[in-house]
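Here the structure comes first, spelled out in structure tokens, and everything after it is commentary.
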There are 2 protein chains.
Amino acid sequence: MSLPHAILTALLEKPSSGLELTRRFDKSIGYFWSATHQQIYRELGKLEQAGHIRALPAPVPVRGQRKEYEVLPAGREELGTWVARSEDPKPMRAALLLRMRAAAVVGATGLRAELTRHLALHQEQLDEYLTIETRDFPPPRRHTEPDRLRHLVLRGGIDMERFWVQWLTDALTELGPE
Amino acid sequence: MSLPHAILTALLEKPSSGLELTRRFDKSIGYFWSATHQQIYRELGKLEQAGHIRALPAPVPVRGQRKEYEVLPAGREELGTWVARSEDPKPMRAALLLRMRAAAVVGATGLRAELTRHLALHQEQLDEYLTIETRDFPPPRRHTEPDRLRHLVLRGGIDMERFWVQWLTDALTELGPE
DNA sequence: CTATACATGTAAAGGGTTACATGATTAA
DNA sequence: TTAATCATGTAACCCTTTACATGTATAG
């Protein structure tokens, strides 16, 4: 039940339309939660029905017309409750590790190529996050708590990508050139 | 579509019943793919129908009676094909990071406690993996490829937990004592 | 004989993914 | 005026999660 709260957070940061939200999920929110536009539209509908958000008044609501949402007090309260909630970490799901374990049983055909490909993808993602860090959190750090929290979240994404880059590099070294 | 292949791998390592598989998923397979017994029974049914596995002949098949499965040649072939397949890494889903980002907006009530709790859980998991490593991959390493692959998979789990322990420790330091 | 653990399963609800449908706006 | 792009939405399918149902074997 995290998607609605991801949306509430995003809307509190800045009122947006469904498509704008989708784009922000592809970018900044994407490094810890992803969603497609279909999910987002469905969830926006539910949140509106629940009275947690509302569409900004439009002259005539028409399909295909941009619709901007903002969070209502009830929505902010709901988010506050959710933040204080306790939830166990879910085990990770890494198909690549599964493939590697299967490869130990049926043979590692093509595995090195796949590892190399993933290494490049994670390196690329890491570089992107580092660019964001340089841009949004330059050295003379502000010390407000919200800023520190946002920076910590980004560092989570960064360190996660570093983990993959490191592990994939080690794996390729250990497995050697075919 | 990874669960059936996780099951095929597990069954190739050792023919098992549904409940045994569930236990193995809770343990060794769990550090990169998890599944409940309901999922596993359903998937065993599908795999049997597809002709990828078969139940070992039982005198009289009765509900509540243990049923052991083994992989058929078609199943092994399917797994081989899947291993060679290419698949992009999925973005991570970490509700805790989402909570932290929400906390930057609505306030970090109770966040430190939750971080501390997660730190303990991840530290525990890390210790467990390290115990497994000591037991299953002792220093004089064998050099067969399957062994190296299995060890790499375990190290993936280990390094992932190390990432969390490190990040949570940093976060708690940075946020300070309330 | 009763409680407990073992073992297999069914049902329903929710979330995520993919494919498709449709209208509005803008640039060539 | 046509094509591309922006924008919102529906539908179907699959996977995961949670709750429940049922039967077998065993220990006290």
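Everything numeric in this text was worked out from a predicted model, so none of it was measured. Side-chain atoms are counted along with the backbone in the values below, which use heavy atoms only and exclude waters and symmetry mates.
For the pair B:Leu44 CG and C:dT10 P, the computed distance is 12 Å after rounding to whole Å. Spacing between atom CZ of A:Arg23 and atom P of D:dC6 amounts to 6 Å, rounded to whole angstrom units. Atoms OH (B:Tyr69) and C1' (C:dG9) sit 10 Å apart, rounded to a whole Å. What separates NZ of A:Lys67 from C1' of D:dG9 is a distance of 9 Å, to the nearest Å. The distance between atom CG of B:Leu21 and atom P of C:dG9, rounded to the nearest whole Å, is 12 Å. Computed from coordinates, the B:Arg66 CZ to D:dT22 P distance equals 25 Å when rounded to whole Å. Between A:Asp26 atom CG and D:dC6 atom P the separation is 13 Å, expressed in whole Å. The separation between A:Leu56 atom CG and D:dA7 atom P is 15 Å, rounded to whole Å.
Within a 6.0 Å radius of CD in B:Glu77, other residues, nucleotides and ligands contribute 12 heavy atoms or fewer. Atom CD of B:Glu174 has more than 12 heavy atoms from other residues, nucleotides or ligands within 6.0 Å.
Taking all atoms of both residues into account, the shortest heavy-atom contact from A:Ala35 to A:Leu3 is CB-CD1, 3.8 Å.
With sequence neighbours left out, the side chain to side chain contact (heavy atoms under 4.5 Å, CB included) criterion links B:Ala84 to no other residue.
Aromatic ring pairs are classed by plane angle as parallel below 30°, tilted from 30° to 60° and perpendicular above 60°; the pair B:Trp167 and B:Trp164 is perpendicular. Between A:Tyr129 and A:Tyr31, the angle of the ring planes goes over 60°, which puts this pair in the perpendicular group of the 30/60° scheme. Using a 30° and 60° split on the angle between ring planes, B:His122 and B:His118 fall in the tilted class, from 30° to 60°.
Picking from D:dA7, C:dA7, D:dT24 the nucleotide with the shortest atom distance to the side chain of B:Gln65 gives D:dT24. Of the candidate nucleotides D:dC15, C:dG16, D:dT8, D:dC15 has the atom lying nearest to any side-chain atom of B:Lys46.
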So which protein N/O to nucleotides 17-20 of chain D N/O distances come out below 3.5 Å?
unit_1	atom_1	unit_2	atom_2	d
D:dA19	N6	B:Gln38	NE2	2.6

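At D:dT8, one or more side-chain N or O atoms of A:Tyr41 fall inside 4.0 Å of OP1 or OP2 (strictly under the cut-off).
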